[in-house]
Amino acid sequence: MEQVTKLAGQRAVVIFGMSSCCMCHTVTSLLRDLGANPTVVELDEDPWGKEMEKALVRLLGRNPAVPAVFIGGRLVGCTDKVMSLHLSGKLVPLLRNAGAVWV
């Protein structure tokens, strides 16, 4: 859990995902299209990936735990939560408050 918290707090937007996960790529693309530059942690390519994945499963209460999106160091959730925030117009203000976008 410590590694997840540390990484999530280092940048305005952090996505924990898997390199082969299509939903991880979709969320990453959405955030980039909105002007954010998310840090993407590919759990299947990281030496601490298995441990971080277990921590995310505990944190989210679901498996698979990817994509797990953190904005401003706080857990937003997975794809459904990110899309819900976007469709309701709340995602961009959240990104703005975290310093991830300026418009």
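This structure is a prediction, so every number in the text was calculated from the model and none was measured. These values consider heavy atoms only, across backbone and side chains, with no hydrogens, waters or symmetry-generated copies.
To the nearest 0.5 Å, atoms CD (Gln3) and CG (Leu56) are separated by 11.0 Å. Between Cys21 atom SG and Ile15 atom CD1 the span is 10.5 Å, to the nearest 0.5 Å.
Residue pairs meeting the ring-ring contact (aromatic ring centres under 6.0 Å, His included) criterion with at least one partner in residues 52-72, sequence neighbours excluded, are Phe16-Phe70.
A continuous path of hydrophobic side-chain contacts links Val66 to Leu7 [ILVMFWY only; heavy atoms under 4.5 Å]. Linking Ile, Leu, Val, Met, Phe, Trp and Tyr whenever their side-chain heavy atoms come within less than 4.5 Å leaves Val4 and Val76 in two separate clusters. Neither Val57 nor Met23 shares a network with the other; the hydrophobic side chains, linked directly or stepwise wherever heavy atoms of I, L, V, M, F, W or Y lie under 4.5 Å apart, form separate groups for each.
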Which atom pairs, one a donor and one an acceptor, fall under 3.5 Å between side chains of residues 26-46 and the rest of the protein, sequence neighbours left out?
from  : atom 1 : to    : atom 2 : distance (Å)
Thr26 : OG1    : Cys22 : O      : 2.9
Thr28 : OG1    : Cys24 : O      : 2.8
Ser29 : OG     : His25 : O      : 3.0
Glu42 : OE1    : Ser19 : N      : 2.9
Asp44 : OD1    : Ser19 : N      : 3.0
Asp44 : OD2    : Ser19 : N      : 3.4
Asp44 : OD2    : Ser19 : OG     : 2.5
Asp46 : OD1    : Trp48 : N      : 2.7

Extract all donor-acceptor atom pairs below 3.5 Å that involve side chains of residues 79-92 and protein atoms in other chains or at least two apart in sequence.
from  : atom 1 : to    : atom 2 : distance (Å)
Ser88 : OG     : Ser84 : O      : 3.1
Ser88 : OG     : Leu85 : O      : 3.1

Distance-only donor-acceptor pairs under 3.5 Å for side chains of residues 96-103, two or more places apart:
from  : atom 1 : to     : atom 2 : distance (Å)
Arg96 : NE     : Val103 : O      : 2.7
Arg96 : NH2    : Val103 : O      : 2.7
Asn97 : ND2    : Pro93  : O      : 3.4

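Between the Arg58 side chain and the Leu60 main chain, no donor and acceptor come within less than 3.5 Å of each other.
Taking each heavy atom of Glu53 and Ala65 in turn, the nearest pair found is O-CB, 4.3 Å.
Looking only at side-chain heavy atoms (C-beta outward), Met1 and Met52 stay at 4.5 Å or farther from each other. Gln10 is not listed as a side-chain neighbour of Val14, based on a closest heavy-atom distance of 4.5 Å or more.
Open room surrounds CZ on Arg74; 12 or fewer heavy atoms of other groups in view lie less than 6.0 Å from it.
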